[in-house]
Amino acid sequence: MSDNEREARRARLAALREGGVDPFPARVGERSSIAEVRQQHDSSSEEALEDAKPRVAIAGRVKALRSFGKLLFMTLVDDGVSLQVSARKQEVSPEVFAFAKQLDVGDFARVEGVVWRTKKGELTVDIRRVEILAKSLRPLPEKWHGLSDVETRYRQRYLDLIANDEAREIAVFRSRVLTALRSFLDGRGFLEVETPVLQPLYGGAAARPFTTYHNTLDQQLYLRISDELYLKRLVIGGLDRVYEIGHNFRNEGISKKHNPEFTMLECYEAYADYRDMMVLTEAMVTEVAERVCGTTKVDFQGEKLDLAGPWPRVTIRDAIAEGTGVDILAAPDLPALQEAVRAQGLHPGEAPTWAVLVDELFSEHVEPRLIQPTFIMDHPVELSPLAKRSAEDPRLVERFEPFVAGMEIGNAFSELNDPDDQRERFTAMETAREQGDDEAHPMDEDFLLALEHGMPPTGGLGIGVDRLVMILADAPNLREVILFPALRRDGGTG
RNA sequence: GGGCGCGUAGCUCAGUUGGCAGAGCAGCGGACUCUUAAUCCGCCGGUCGUAGGUUCGAUCCCUACCGCGCUCACCA
């Protein structure tokens, strides 16, 4: 594809080299950040600058160029902060002026000059010396309309970051959320750990894994679908409070709430139970929101949310009863539950088991309504193979999921530490697997071995970090808070 | 995976009831010492997502494919 702009840039690159200028020098001379220069001079008056003629050196990317015959202005951006630069023919040698003039939008340059204010009052550095730091060979997205093609924004996120302030703000915001999460947990004595991404056996969630292969070990490996079983091994080993923030990989569909690799925060606290983890969840979300948003009252896609705890705690039984009129515990097997659903004028669908039907009732009739933060608790044991059985009702487990804005943002339980019960759960999962549930949890003898050595009563919590960021950033889509969201391999021109 | 929609210049978008494809920005040349979407004059720039088909003629109609979006399914 012929592109006369690229040719022009190539020509200027060649001209630089012919003139003995390295267009990609390894080192940058002394400089201040543009933010520093702004901080120092933003409030200086025209007259004060005229008297002091402060000399500064800055470096950045040329974002815009406005050229006149014997005068040119450019906007330089350095770490998201911009500053105008001028070159005036009367102030510099013809060579320096010509050098400034041949810079392209997108180039990186270092400029030494004198700080002044234009007639319009704009803080400006008037060039005395200028050097190129890196040549840009392709045009940047258009300056006024910017870059809006979502596919390009995701595939070439660097262009999005350059062209769209909001993309940059979200990236920074996300980093601040992660910092706040770590700070919260560190402050409570949690130890950040790292566990394997490549696992000989996956587990800790109901999901299909990605499969890979290690040549030297001659062994199939899985990309983890959760950190859970390894973090529990650490608790067994006496690391009483641990957390990990890392990617999980689930071989599933992509949607505005799902990315095949996503960031999960998991934390485990010995001697705690799921109610303690509820308190922890409320405190964590509250503190993070206050730190990154300055408030717990946030707008999310037109909904006003208040993230401050305490959050309502509703059993899944009560939630479904309220949403559908069906009492799941009064209909203890599949036929009874189907009948109860029909009695409410609803379609029971084709759920293969009682527990799956419960899950479907919840997903369809309750979940979308959970806008304000809510804990849904006490799930059926069949849906929760790693959670401790409820003392009051052996059909249920001590588990909760926090919901915000109709989205599940986490999952937590009193961890199952009875190795015999755990073995039975795995066996039940094996049966489900044999009956075609390819997301059922596999038997994990190695984990059982660990459990048999004794695990303290422990509370565990997982938080979907991407979704949390999405809510705090008021982003409409998970892809907006993931810098490089999963996309199909580019088929061509796009 | 199903349904619907989209894909035209580097970017943002028009457009053709089927008849040589347009604008703004960017780029190139020229004018210009206060612009910040600079302005003015001139110019360059396209396999109209890809491959077939229908047709005298396809960017437009048809089919398949590729990619993206929305949505349903799936998905803690």
Side-chain angles (χ1 to χ4, degrees), chain A residues 1-12 46 63-76 82-91 97 104-106 116-124 126 136-156 159 162-163 204-208 225-226 248 250-260 262 264 316 349-350 359-360 362-364 367 376 379 383-384 399-403 407-413 438-439 462-464 467 476-479 485 487-494:
Chain A
M1 190 179 311
S2 89
D3 182 340
N4 52 20
E5 174 153 8
R6 272 160 66 193
E7 285 165 19
R9 286 168 181 254
R10 285 272 175 199
R12 284 190 280 276
E46 186 180 339
K63 183 187 182 183
L65 275 170
R66 298 172 292 280
S67 172
F68 300 79
K70 294 171 180 139
L71 165 71
L72 75 82
F73 293 103
M74 63 179 92
T75 308
L76 225 54
S82 52
L83 184 61
Q84 179 165 272
V85 168
S86 61
R88 290 186 287 182
K89 200 157 190 179
Q90 71 187 33
E91 298 292 341
F97 189 77
D104 285 305
V105 171
W116 67 302
R117 276 191 194 280
T118 63
K119 286 176 187 167
K120 298 280 171 62
E122 178 86 15
L123 194 72
T124 304
D126 196 44
S136 164
L137 296 173
R138 296 204 185 233
L140 261 30
E142 195 245 357
K143 62 187 171 192
W144 184 239
H145 298 94
L147 178 68
S148 59
D149 181 84
V150 294
E151 189 174 351
T152 307
R153 288 185 49 232
Y154 298 153
R155 286 195 195 283
Q156 295 177 272
L159 296 179
I162 292 167
R208 280 148 58 199
I225 60 173
S226 107
N248 288 175
R250 299 186 184 174
N251 209 334
E252 291 157 357
I254 297 172
S255 79
K256 61 171 63 174
K257 297 178 189 176
H258 298 85
N259 197 61
F262 61 99
M264 178 75 93
I316 195 167
E350 293 176 10
D359 198 33
E360 287 177 0
F362 176 79
S363 300
E364 190 169 341
E367 183 171 351
I376 296 295
H379 299 62
L383 297 174
S384 316
R399 174 185 177 186
F400 73 86
E401 295 172 306
F403 283 84
M407 278 192 297
E408 177 200 337
I409 64 161
N411 188 21
F413 14 93
D438 56 3
E439 292 175 353
I463 293 287
R467 289 180 179 177
N477 196 307
L478 208 61
R479 286 177 291 243
L487 293 178
R488 211 177 290 267
R489 181 199 185 106
D490 191 357
T493 47

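Just so it is clear, the model here is predicted, and its values are computed rather than measured.
Scored by the side-chain hydrogen bond (donor to acceptor under 3.5 Å, both in side chains) test, A:E439 finds no partners at all (sequence neighbours excluded).
Taking the nucleotide of RNA chain B with the nearest heavy atom to each of A:R479 and A:G253, the more 5' of the two is matched to A:R479.
Note on A:N477: a side-chain N or O is less than 4.0 Å away from OP1 or OP2 of B:C70. In terms of phosphate contacts, A:K63 brings no side-chain nitrogen or oxygen within less than 4.0 Å of OP1 or OP2 of B:U36. Taking side-chain N and O atoms only, A:R488 has a distance below 4.0 Å to OP1 or OP2 of B:G67. Taking 4.0 angstrom as the limit, A:R117 places none of its side-chain polar atoms (N or O) nearer than this to OP1 or OP2 of B:U36. Residue A:S148 places at least one side-chain N or O closer than 4.0 Å to OP1 or OP2 of B:U12. OP1 and OP2 of B:C11 both lie 4.0 Å or more from every side-chain N or O belonging to A:R138.
Comparing B:G52 with B:A73, their C1' atoms are spaced 32 Å from each other, to the whole Å. Nucleotides B:A14 and B:U59, compared at atom C1', are 14 Å apart to the nearest Å. When the C1' atom is compared between B:A58 and B:G45, the two are found 23 Å apart, to the nearest whole Å. Distance noted for atom P between B:G3 and B:C60: 22 Å (whole Å). Separating the C1' atom of B:C25 from that of B:G1 is a span of 41 Å, rounded to the nearest Å. B:G49 and B:G10 have their P atoms separated by 13 Å, with the value rounded to a whole Å. Taking the C1' atoms as reference points, B:G57 lies 45 Å from B:A31, given to the whole Å. To the nearest whole angstrom, the two C1' atoms, one in B:A9 and one in B:C44, are 11 Å apart.
Base pairing of B:A21 is not made with any nucleotide, judged by Watson-Crick or G-U wobble geometry with both donor-acceptor distances under 3.5 Å. Pairing of B:U59, defined by two Watson-Crick or G-U wobble distances under 3.5 Å, is not identified with any nucleotide. As the counterpart of B:G1, B:C72 is assigned, both hydrogen-bonding distances of the Watson-Crick or G-U wobble pattern falling under 3.5 Å. Base pairing of B:U54 is not made with any nucleotide, judged by Watson-Crick or G-U wobble geometry with both donor-acceptor distances under 3.5 Å. Of the nucleotides present, none pairs with B:A9 by Watson-Crick or G-U wobble criteria with both distances under 3.5 Å. Using Watson-Crick or G-U wobble geometry with both donor-acceptor distances under 3.5 Å, B:C48 finds no partner in any strand shown. Taking a pair to require two hydrogen-bonding distances under 3.5 Å in either a Watson-Crick or a G-U wobble arrangement, B:A37 remains unpaired. The partner of B:C32 cannot be assigned: no Watson-Crick or G-U wobble pair with both contacts below 3.5 Å exists in any strand.
Residue contacts shown for A:L487 are limited to sugar-phosphate atoms, with no base heavy atom under 4.0 Å away. Counting non-hydrogen atoms under 4.0 angstrom, A:E401 reaches a base of the nucleic acid. Among the atoms of the strands shown, only primed sugar atoms or phosphate atoms (P, OP1, OP2) are found under 4.0 Å from some heavy atom of A:A207. Contacts of A:G462 with the nucleic acid, taken as non-hydrogen atoms under 4.0 Å apart, are absent.
A:R66 is listed as a side-chain neighbour of A:T75, based on a closest heavy-atom distance under 4.5 Å. Contact annotation: the side chain of A:Q156 never approaches that of A:L147 to less than 4.5 Å [non-hydrogen atoms, C-beta and beyond]. At a threshold of 4.5 Å between non-hydrogen side-chain atoms, the residues A:L478 and A:F262 do not count as touching. Using a 4.5 Å heavy-atom cutoff, the side chains of A:P141 and A:L159 are in contact. Residues A:R9 and A:V105 are in side-chain contact: their nearest non-hydrogen atoms beyond the backbone lie under 4.5 Å apart. Counting heavy atoms from C-beta outward, A:E367 and A:I376 have side chains that stay 4.5 Å or more apart.
For A:R208 and B:C75, the CZ to P distance is 9 Å, given to the nearest whole Å. Residue A:I254 contributes atom CD1, which lies 18 Å from atom P of B:A73 at whole-angstrom precision. Counting to the nearest Å, the P atom of B:C75 and the CD atom of A:E364 are 13 Å from each other. The nearest whole Å value for the distance from the NE2 atom in A:H258 to the P atom in B:A73 is 12 Å. Note: CZ (A:R155) to C1' (B:G69) measures 12 Å, nearest angstrom. In this structure, A:E7 atom CD and B:G29 atom C1' are separated by 16 Å, rounded to whole Å. Between the CG atom of A:N251 and the P atom of B:C75 there is a distance of 13 Å, rounded to whole Å. Remark: C1' of B:A9 and CG of A:D149 are 14 Å apart, rounded to the nearest angstrom.
In the set B:C66, B:U36, B:C11, B:U36 carries the atom at the smallest distance from any side-chain atom of A:E122. Distance from the side chain of A:L147 is smallest for B:C11 among the nucleotides B:C11, B:C68, B:C70.
Put simply, CD on A:E401 and OG on A:S384 are 7.5 Å apart, with the number rounded to the nearest 0.5 Å. Taking CG of A:N411 as the start and NE2 of A:H379 as the end, the distance is 7.0 Å to the nearest 0.5 Å. Here A:K89 contributes atom NZ and A:L72 contributes atom CG; the two are 11.0 Å apart, rounded to the nearest 0.5 Å. The structure places CD of A:E91 at 9.0 Å from CH2 of A:W116, a figure rounded to the nearest 0.5 Å.
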So which protein nitrogen or oxygen atoms get under 3.5 Å of nucleotides 24-27 of chain B's nitrogens or oxygens?
| unit_1 | atom_1 | unit_2 | atom_2 | d |
| --- | --- | --- | --- | --- |
| B:C25 | O2' | A:E142 | OE2 | 3.0 |
| B:A26 | OP1 | A:K143 | NZ | 2.7 |
| B:A26 | O2' | A:E5 | OE1 | 3.0 |
| B:A26 | O2' | A:E5 | OE2 | 3.3 |
| B:G27 | O4' | A:E5 | OE1 | 3.2 |

Might you list the N or O atoms of the protein lying below 3.5 Å from N or O atoms in nucleotides 31-33 of chain B, with each pair's distance?
| unit_1 | atom_1 | unit_2 | atom_2 | d |
| --- | --- | --- | --- | --- |
| B:C32 | N3 | A:G69 | N | 3.4 |
| B:U33 | OP2 | A:K70 | N | 3.4 |
| B:U33 | N3 | A:Q90 | OE1 | 3.3 |
| B:U33 | O4 | A:Q90 | OE1 | 2.8 |

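In this structure, A:R250 and A:A205 approach most closely via the heavy-atom pair NH2-CB, 3.3 Å.
Atom CD of A:E46 sits in a crowded spot, with more than 12 heavy atoms from other residues, nucleotides or ligands closer than 6.0 Å.
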